[in-house]
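Below is one structure, written out as structure tokens; the observations come after it.
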Amino acid sequence: MEQLGSLDGHSEWRKKELEKLTSQVQSAITLLQNPPDCKKAKILVCNNTYIGCGMGCQIHNKANCLITALATNRVLLLSEQGWGYNRDIVLKDFFMPLSSSCTFNQTDFEGNRTAGHQVDPDDTTRMIEILPDWSQLQYVNMGYSPPALPTALAYRIFSLIRDPDAWWVGQMVGYLMRPNERVRQVLSESEANIDFSYPVVGVHVRRGDKRGEGGIEFLPLEVYMEQVELWFTQYEMYHPPTERRIYLASDDPQVLEESHEKYPQYTIYDNHNISSEASKVEAYSEESLIGILHDIHMLSLTDYVVCTLSSGICGLVYELLHFKHGDASGMVHSLDSPWFFVYRHNILLESVVENNALNLRKGDRLEIQNIQHSMQLRNKYKKTDTQTLVETKNLRTEETSHYPVYMVKKVPVLFNFSIFDSIV
């Protein structure tokens, strides 16, 4: 698929169109976040205090807040509260400010404010704070909630991008994760040690913070490396033989040691200090947080990534690859779950064929429901010897059944993000 894209004569056009799409979304966010007069702007406050919410979880929560802010025309500000893992750490201290014209202090005013779990676009309340209560947030499903995409951009998004939902979330993640000067210096120093002009495959092996979670299986390193070698073999079908190089990130230092012992033929870039800090699940420190940001950044610079999308870190990498490349659906191989977004409740499909045996009519609307967690989405797909089936609910018959994926297509869900009216 990747090679066909480069041979059809339109790859340069696609690249420019994807860059234009990204520029338009980032311009809209920048416009929203920097009003001429902050005292007259509506504000949305997002918290950082979720207990048991790691880096991937936190950034994805903020991405959902930013989508909400775009849909409701509110400036998004992050609270000054510390991280749930370590109250002495404030996440926004590691990234560029979300706004250059509004700060949290500037919104300390006399006026109407409220707190809740969802935001109505027509609500005129000056400040709304989203309460950090996952037991309620998981049920919020507004018209603008993913998988909804901006109406003004939808045609081009669906024409150019194979995983539109991941691209849209990636636009939010790309804006949120712009490193500040201190973090940028650390990242730049590491970048200088690797020549990314030649192929590098990223590998993320997650262990520590998933111990004990139901349904999570630890895969041996060999399973990851099989996919790495397959990528290099396919790459060499169209390119000269190349040195096998990987960037390996893991929260288990033993994985790094194992890789050097078992794969001496590979050039392996890693960082034992980062891995050691990341393995301390109960003691998140500033050093471990910068280490996580470092690994995410370095993985997002590679040509291909092998990981498990049940991991929020792997999800962030996949989203950042979309942010950087436009369409990155072929740049990540997940060893367990498809990409999921915890605030995306369903996926809407449509039947493209008629099948009497399955009580399926052409044009039937089908919904993949309850997919907020990786294993939930993974379990919706079932592979047989000859085809892949997806479990959906037929909205016409109210029946839940498995249908071959070739019988269905994704249906766009659109919302009028009015801020794009002045951008497009």
Side-chain angles (χ1 to χ4, degrees), residues 29 32-33 35 38 41-99 101-109 111-121 123 125-142 144-146 169 172-180 183 209 281 284-286 288-290 292-293 296 312-313 315-316 319 341-345 372-373:
I29 297 174
L32 173 78
Q33 289 296 114
C38 190
K42 293 192 297 182
I43 304 296
L44 180 68
V45 178
C46 200
N47 284 283
N48 307 304
T49 55
Y50 299 84
I51 302 299
C53 189
M55 174 57 68
C57 170
Q58 286 284 357
I59 298 298
H60 285 137
N61 171 258
K62 305 306 171 287
N64 193 60
C65 287
L66 187 50
I67 290 172
T68 302
L70 279 170
T72 59
N73 290 300
R74 293 179 175 274
V75 178
L76 174 65
L77 297 179
L78 302 184
S79 72
E80 302 287 347
Q81 297 167 311
W83 192 10
Y85 276 121
N86 186 335
R87 297 301 187 188
D88 294 328
I89 293 178
V90 180
L91 285 179
K92 68 178 186 178
D93 290 344
F94 299 85
F95 305 112
M96 290 178 60
L98 296 186
S99 172
S101 62
C102 292
T103 66
F104 197 76
N105 290 335
Q106 285 177 303
T107 64
D108 188 15
F109 63 96
N112 56 338
R113 63 177 72 190
T114 188
H117 302 101
Q118 63 186 33
V119 185
D120 189 318
D123 193 331
T125 304
R126 170 74 196 289
M127 176 189 285
I128 297 179
E129 177 184 357
I130 296 182
L131 296 174
D133 183 357
W134 173 243
S135 66
Q136 297 297 320
L137 285 175
Q138 64 180 318
Y139 299 112
V140 174
N141 191 12
M142 305 294 287
Y144 52 76
S145 300
V169 174
M172 310 302 128
V173 170
Y175 185 85
L176 292 165
M177 293 192 70
R178 298 166 301 153
N180 62 18
V183 176
D209 65 343
V281 179
Y284 272 81
S285 64
E286 183 172 302
S288 68
L289 182 54
I290 291 179
I292 294 171
L293 296 176
I296 292 171
I313 299 301
L316 288 176
E319 292 144 17
F341 185 59
V342 70
Y343 299 95
R344 181 180 65 170
H345 291 250
Q372 294 163 274
H373 300 284

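Note that the coordinates shown come from a computational prediction; the quantities given were computed from them, not determined experimentally. Numbering of residues begins at 1 and proceeds along the displayed sequence.
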Inter-residue atom distance [X].[atom1] - [Y].[atom2], 0.5 Å rounding:
{"X": "Cys65", "Y": "Tyr343", "atom1": "SG", "atom2": "OH", "value": "7.0 Å"}
{"X": "Cys46", "Y": "Leu98", "atom1": "SG", "atom2": "CG", "value": "9.5 Å"}
{"X": "Ser145", "Y": "Asn64", "atom1": "OG", "atom2": "CG", "value": "6.5 Å"}
{"X": "Met127", "Y": "Leu77", "atom1": "CE", "atom2": "CG", "value": "7.0 Å"}
{"X": "Phe94", "Y": "Leu293", "atom1": "CZ", "atom2": "CG", "value": "7.5 Å"}
{"X": "His117", "Y": "Leu137", "atom1": "NE2", "atom2": "CG", "value": "5.5 Å"}

The complete set of salt bridge (Lys or Arg N to Asp or Glu O under 4.0 Å) pairs with one or both residues in residues 89-98, sequence neighbours excluded, reads Glu80-Lys92

If you take all heavy atoms of [X] and [Y], which pair is closest and at what distance?
{"X": "Leu44", "Y": "Ala69", "value": "CD2-N, 3.9 Å"}
{"X": "Gly56", "Y": "Ile313", "value": "N-CD1, 4.2 Å"}
{"X": "Val119", "Y": "Met142", "value": "O-CE, 3.6 Å"}
{"X": "Ile59", "Y": "Leu316", "value": "CG2-CD2, 3.6 Å"}

### Task
May I have the step-by-step check of side chain to side chain contact (heavy atoms under 4.5 Å, CB included) for Ile128 and Lys42, ending in yes or no?
CA-CA 8 Å; Ile128 297 179; Lys42 293 192 297 182; over 6 Å; no

Under 3.5 Å donor-acceptor, [X] side chain and [Y] backbone:
{"X": "Glu286", "Y": "Ile89", "value": "no"}
{"X": "Arg74", "Y": "Arg126", "value": "yes"}
{"X": "His60", "Y": "Val173", "value": "no"}

How would you list, by chain and number, every residue that makes a side-chain hydrogen bond (donor to acceptor under 3.5 Å, both in side chains) with [X], sequence neighbours excluded?
{"X": "Asp133", "value": "Ser135"}
{"X": "Thr125", "value": "Asp123"}
{"X": "Gln136", "value": "none"}
{"X": "Glu129", "value": "Asn47"}

Decide yes or no for Leu70 and Met172: does some side-chain heavy atom of the first lie under 4.5 Å from some side-chain heavy atom of the second?
-> yes

Q) Are side-chain heavy atoms of Leu289 and Leu91 found at a separation under 4.5 Å? A) yes

With sequence neighbours left out, the residues meeting side-chain contact (heavy atoms from CB on, under 4.5 Å) with Pro121 are Thr72, Tyr144, Phe415

